[in-house]
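Report on one structure; see the data block that follows.
Each ligand, and each atom within it, is numbered from 1 in the order the structure gives. Throughout, numbering of the chain's residues begins at 1 and tracks the sequence. The structure displayed is predicted, hence computed values, not measured ones.
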Amino acid sequence: MKQFSLEGKVALVTGGAHSIGLAIGIGLGKAGAVVCFNTSKEEHIESGVAAYREAGVEAYGFCADVTDEKAVSKMVAAIKEKVGSVDILVNNAGIIKRVPMCDMSVEDFSKVIDVDLIAPFICSKAVIPDMLEKGHGKIINICSMMSELGRETVSAYAAAKGGLKMLTRNICSEFGGANIQCNGIGPGYIATNQTAPLRERQADGSRHPFDQFIISKTPAGRWGTTDDLVGPAVFLASEASDFVNGQILYVDGGILAYIGKQP
Ligand code: GCO
């Protein structure tokens with residue numbers, strides 16, 4: 001199944017030193033890509049390289065604030081110098097602030113928009129010129145359930161992830177003719193540090209109410225794991241998806257299709 005091979009391709013995963021980004025980066029490496037990961041913290045490079053190596057992937061770490069266009073351009077140039085220009089960009093870096101909207105400062109709202117929406121714009125803008133020159137490219141935006149649904153306390157995150165869905169469609173529209181495919185992955189509820197507060201055991205040892213709610217809303221009856229995202233990411237990074245563009249692939253255990261179990 002050569003069409004799923006990433007041999008000869010350079011991948012950049014933003015926020016790729018841990019959690020979902022790390023799992024996807026390892027998967028792209030195991031499919032043959034040369035993996036570069038970005039982290040906003042210099043001290044995460046060493047631990048990131050070690051985590052990839054432990055999984056059998058030799059990855060290259062680059063520190064840059066993905067909301068800073070100059071820093072991103074410098075990182076993309078350094079990658080090109082070291083291993084070649086980026087063929088596959090995974091816009092994974094993201095933050096969430098769970099605050100009731102009227103208690104949220106404009107500064108905090110803007111910070112979430114900067115990291116979760118403007119940074120994917122900046123990073124995509126930085127890699128597209130080389131993709132145009134080479135005549136191919138893959139951009140994968142890590143969207144969210146919140147690209148489709150809202151919920152209390154995540155107004156900034158939902159606004160950003162909804163925007164990221166439309167940025168995905170727009171990159172498809174603007175560059176599909178140049179053989180650049182831009183798609184999204186919409187993780188469902190995945191057991192990561194980011195969702196840990198939603199799964200914390202209660203004082204009496206019972207499951208967190210939100211944990212029970214998600215289990216009742218997910219046909220799979222479980223939270224996803226970061227490994228559940230790897231196959232979809234390899235598919236969207238590979239030639240197997242060359243005629244797939246502007247789509248958001250929800251990896252959610254069926255939650256978006258399901259009204260939920262009667263309590
Ligand atoms: C939340 C969660 C979700 C998930 C994920 C779902 O607070 O509802 O953090 O946003 O993280 O984005 O796709």
Please name the residue in the list Thr195, Thr192, Asp211, Thr218 that meets the side-chain hydrogen bond (donor to acceptor under 3.5 Å, both in side chains) test with Trp223.
->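 That would be Asp211; it is the only one of Thr195, Thr192, Asp211, Thr218 passing the side-chain hydrogen bond (donor to acceptor under 3.5 Å, both in side chains) with Trp223.
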Could you point out which residue of His136, Lys138, Gln3 forms a side-chain hydrogen bond (donor to acceptor under 3.5 Å, both in side chains) with Asp242?
->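 Of the listed options, the one satisfying the test is Lys138.
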Report, one line per pair, each donor and acceptor closer than 3.5 Å where one atom sits in a side chain of residues 226-234; sequence neighbours left out.
{"unit_1": "Asp228", "atom_1": "OD1", "unit_2": "Arg222", "atom_2": "NH2", "d": "3.2"}
{"unit_1": "Asp228", "atom_1": "OD2", "unit_2": "Arg222", "atom_2": "NH1", "d": "2.9"}
{"unit_1": "Asp228", "atom_1": "OD2", "unit_2": "Arg222", "atom_2": "NH2", "d": "3.3"}
{"unit_1": "Asp228", "atom_1": "OD2", "unit_2": "Thr225", "atom_2": "N", "d": "2.8"}
{"unit_1": "Asp228", "atom_1": "OD2", "unit_2": "Thr225", "atom_2": "OG1", "d": "3.3"}

Name each N or O atom in ligand 1 that is under 3.5 Å from a protein N or O, and give the partner atom and the distance.
{"unit_1": "ligand 1", "atom_1": "7 (O)", "unit_2": "Arg98", "atom_2": "NE", "d": "2.7"}
{"unit_1": "ligand 1", "atom_1": "7 (O)", "unit_2": "Arg98", "atom_2": "NH2", "d": "3.4"}
{"unit_1": "ligand 1", "atom_1": "7 (O)", "unit_2": "Arg151", "atom_2": "NH2", "d": "2.8"}
{"unit_1": "ligand 1", "atom_1": "8 (O)", "unit_2": "Arg151", "atom_2": "NE", "d": "2.6"}
{"unit_1": "ligand 1", "atom_1": "8 (O)", "unit_2": "Arg151", "atom_2": "NH2", "d": "3.4"}
{"unit_1": "ligand 1", "atom_1": "8 (O)", "unit_2": "Tyr189", "atom_2": "OH", "d": "2.8"}
{"unit_1": "ligand 1", "atom_1": "9 (O)", "unit_2": "Arg98", "atom_2": "NH2", "d": "2.7"}
{"unit_1": "ligand 1", "atom_1": "9 (O)", "unit_2": "Gln194", "atom_2": "OE1", "d": "2.9"}
{"unit_1": "ligand 1", "atom_1": "11 (O)", "unit_2": "Gln194", "atom_2": "OE1", "d": "2.8"}
{"unit_1": "ligand 1", "atom_1": "11 (O)", "unit_2": "Gln194", "atom_2": "NE2", "d": "3.3"}
{"unit_1": "ligand 1", "atom_1": "12 (O)", "unit_2": "Ser144", "atom_2": "OG", "d": "2.7"}
{"unit_1": "ligand 1", "atom_1": "12 (O)", "unit_2": "Tyr157", "atom_2": "OH", "d": "2.8"}
{"unit_1": "ligand 1", "atom_1": "13 (O)", "unit_2": "Ser144", "atom_2": "OG", "d": "3.0"}
{"unit_1": "ligand 1", "atom_1": "13 (O)", "unit_2": "Met145", "atom_2": "N", "d": "2.7"}
{"unit_1": "ligand 1", "atom_1": "13 (O)", "unit_2": "Pro187", "atom_2": "O", "d": "2.5"}
{"unit_1": "ligand 1", "atom_1": "13 (O)", "unit_2": "Gly188", "atom_2": "O", "d": "3.4"}

Check for a donor-acceptor pair, side chain of Asn183 on one end and backbone N or O of Gln247 on the other, with a separation under 3.5 Å.
->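 Flag set: sc Asn183 to bb Gln247 pair under 3.5 Å.
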Should the heavy atoms of other residues, nucleotides or ligands under 6.0 Å from CZ of Phe235 be counted, would the total exceed 12?
->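 Correct, the count exceeds 12.
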Decide yes or no for Leu12 and Met75: does some side-chain heavy atom of the first lie under 4.5 Å from some side-chain heavy atom of the second?
->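 With C-beta onward as the side chain, the pair touches.
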